[in-house]
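Before any comments, here is the structure.
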Amino acid sequence: MPRPTAAQLAYGSCTVIFSTLAMLLLSQTSSGLGVVVIALSALVLGLLVAMTVPVPKPALPTASVARPASVTLSEHRVPVRRETVAAARAPEPVRERA
């Protein structure tokens with residue numbers, strides 16, 4: 001089983017803490033059973049959030065990717081359009097005030 005990432009731990013922990021506080025404040029429960037039910041439901045919600053955080057996929061090595069045999073290099077080349085450039089003129093001398 002893979003280890004959870006830092007993002008999964010952070011999202012799950014924040015979800016448990018904030019959902020527990022929100023449910024306790026909104027329900028205004030004072031019984032021990034109510035607190036246990038709220039804590040367990042917040043824990044389940046935190047686990048659900050932590051497990052649904054997208055995990056980055058490992059990068060594929062580039063050497064293992066092979067080209068299909070039907071594709072040749074000449075099919076991928078783009079023809080180069082060459083244009084002639086006019087001959088550059090000699091720069092004019094800089095005139096300064098005396």
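Small disclaimer: the values here were computed from a predicted structure and weren't measured. Residues: numbered from 1 along the sequence shown.
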Side-chain donor-acceptor pairs under 3.5 Å in residues 32-55, sequence neighbours left out?
unit_1: Ser41; atom_1: OG; unit_2: Val37; atom_2: O; d: 3.1
unit_1: Ser41; atom_1: OG; unit_2: Ile38; atom_2: O; d: 2.8
unit_1: Thr52; atom_1: OG1; unit_2: Leu48; atom_2: O; d: 3.1
unit_1: Thr52; atom_1: OG1; unit_2: Val49; atom_2: O; d: 3.1

With a cut-off of 3.5 Å and sequence neighbours excluded, list every side-chain donor-acceptor pair involving residues 11-20.
unit_1: Ser13; atom_1: OG; unit_2: Leu9; atom_2: O; d: 2.8
unit_1: Thr15; atom_1: OG1; unit_2: Tyr11; atom_2: O; d: 2.6
unit_1: Ser19; atom_1: OG; unit_2: Thr15; atom_2: O; d: 2.5
unit_1: Ser19; atom_1: OG; unit_2: Val16; atom_2: O; d: 3.3
unit_1: Thr20; atom_1: OG1; unit_2: Val16; atom_2: O; d: 2.6

Next on the checklist: Ignoring hydrogens, what is the shortest heavy-atom contact between Gln8 and Arg3? Give both atom names and the distance.
Outcome noted: OE1-O, 4.4 Å
